[in-house]
Amino acid sequence: MAPDPIAPESFPISEENAPVHRRAVFSASVSGIDSHHALSPDDVAAIRTRRRRKTDDDSLRLIDDLVNRPMDPMFSDSRLVHEHRSTFAFWANRVIVFVICVVVGFAGSLFVQQLQSDPRKQVRQTLVNQLENRNDTITQLSADVNDLKSQVDQQSKKVTGNVKSDTLIQDELVNGTVAVTGPGITMTLADPIAASQADQSTSNRVGTTSNIRVVTDLDLQQLVSLMFSNGAEAISINGNRIGAQTSIRKAGGHILIGMTAIESPYSIEAIGNKSELAEQMGSAKLKSLYDSFKKAGIYPQISTSNSITLKVAVAGDVQYAERNQ
């Protein structure tokens, strides 16, 4: 085969370093068996055109090997041998790789979800659940206390009789230690639609700086005080009886009657002379109060009833003053 005049010059390979190509004649790469060396050193024309250089320079031989023979002969030979795998092994490898990808993807999604989750939300939810459980326990215990007080009253009546003085009856009504039924009025007021829940949680006790505000604990305290001063004998707010030891206060974004949280709308029931209470608590007698409510977007409504039943208030032991002997 005639030498290629365009190919770069190459050093000859010694016999001990010459690659051994053990390839079959029918192999697809049989055409690559022939050497791709540069011009032979016996070529006079090539010897004349190239520079004089040291033929035994190891560095030049290394560069020549890298340029003209970059692939190792053993690696080239190994590419001719194809591994024959069974169909089962082929699909088994694919299934294993697929399962590993699914597991890694699922674990990654759980990790990302855990990073995006707010741990404070879980803490808040746990505290809310604990508070609800405590409230349920308090409600149950309060009902048990009221039942026991009723049993004590019944036993006391059997021993001392059913005669009670007017002072004792009045004290029991004020303290809320007995259930009472009678005529009275119901005043209903609610937060304005424009006042959102966020306004309720951030507003102070006397309302926000804007005209629109929510009903506060001070509003309920004022209304309850006016009802008692105008002849109300027993009062409850959203079904919670007001007793001598019952507080009306704000905690967070809610109003508490004792230990029970209530929400808008607020229903104030008062037992007494319904005609007198309706007149004294109307807009004609409390014009300035109703005007302030109107500016805030609050419109109280009063209705009368011939029969209102108020349950016993949740309170501790009541001790009466006694005369020293």
Side-chain angles (χ1 to χ4, degrees), residues 1 3-39 57-140 193-203 251-254 261 263-264:
M1 185 175 68
D4 188 359
I6 305 177
E9 299 179 0
S10 176
F11 289 95
I13 303 175
S14 59
E15 295 181 359
E16 61 271 12
N17 294 329
V20 178
H21 299 280
R22 295 185 178 89
R23 299 185 177 91
V25 178
F26 52 84
S27 174
S29 63
V30 69
S31 60
I33 295 178
D34 295 337
S35 175
H36 295 282
H37 298 294
L39 296 177
D57 193 344
D58 294 336
S59 61
L60 293 178
R61 290 180 178 275
L62 176 61
I63 295 175
D64 179 67
D65 290 338
L66 293 176
V67 172
N68 297 310
R69 292 170 293 278
M71 185 178 295
D72 187 84
M74 296 181 65
F75 179 75
S76 179
D77 293 340
S78 64
R79 296 179 61 186
L80 300 176
V81 180
H82 297 283
E83 181 183 358
H84 297 284
R85 294 185 300 174
S86 63
T87 305
F88 175 78
F90 175 77
W91 286 106
N93 290 338
R94 290 199 170 190
V95 170
I96 292 174
V97 172
F98 176 76
V99 171
I100 293 175
C101 292
V102 170
V103 172
V104 172
F106 182 72
S109 63
L110 290 180
F111 181 72
V112 173
Q113 184 178 5
Q114 185 67 23
L115 290 178
Q116 293 179 351
S117 62
D118 186 5
R120 294 176 298 179
K121 183 178 180 181
Q122 298 178 356
V123 174
R124 288 194 296 269
Q125 186 62 36
T126 302
L127 294 177
V128 168
N129 295 334
Q130 292 178 357
L131 181 59
E132 291 178 352
N133 293 333
R134 295 296 185 274
N135 289 335
D136 294 339
T137 303
I138 291 173
T139 302
Q140 183 63 36
I193 299 177
S196 62
Q197 184 67 23
D199 297 331
Q200 183 176 2
S201 60
T202 57
S203 62
H254 298 279
E263 296 180 351
S264 176

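Once rounded to the nearest 0.5 Å, the distance linking CD1 of Ile138 with CG of Leu131 reads 8.5 Å. Atom-to-atom distance recorded for Trp91:CH2 and Ile96:CD1 is 14.0 Å, nearest 0.5 angstrom.
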**Message:** For Asn129 and Gln125: C-alpha separation, side-chain torsions, deciding distance, then whether side chain to side chain donor-acceptor pair (under 3.5 Å) applies.
**Reply:** CA-CA 6 Å; Asn129 295 334; Gln125 186 62 36; 3.2 Å; yes
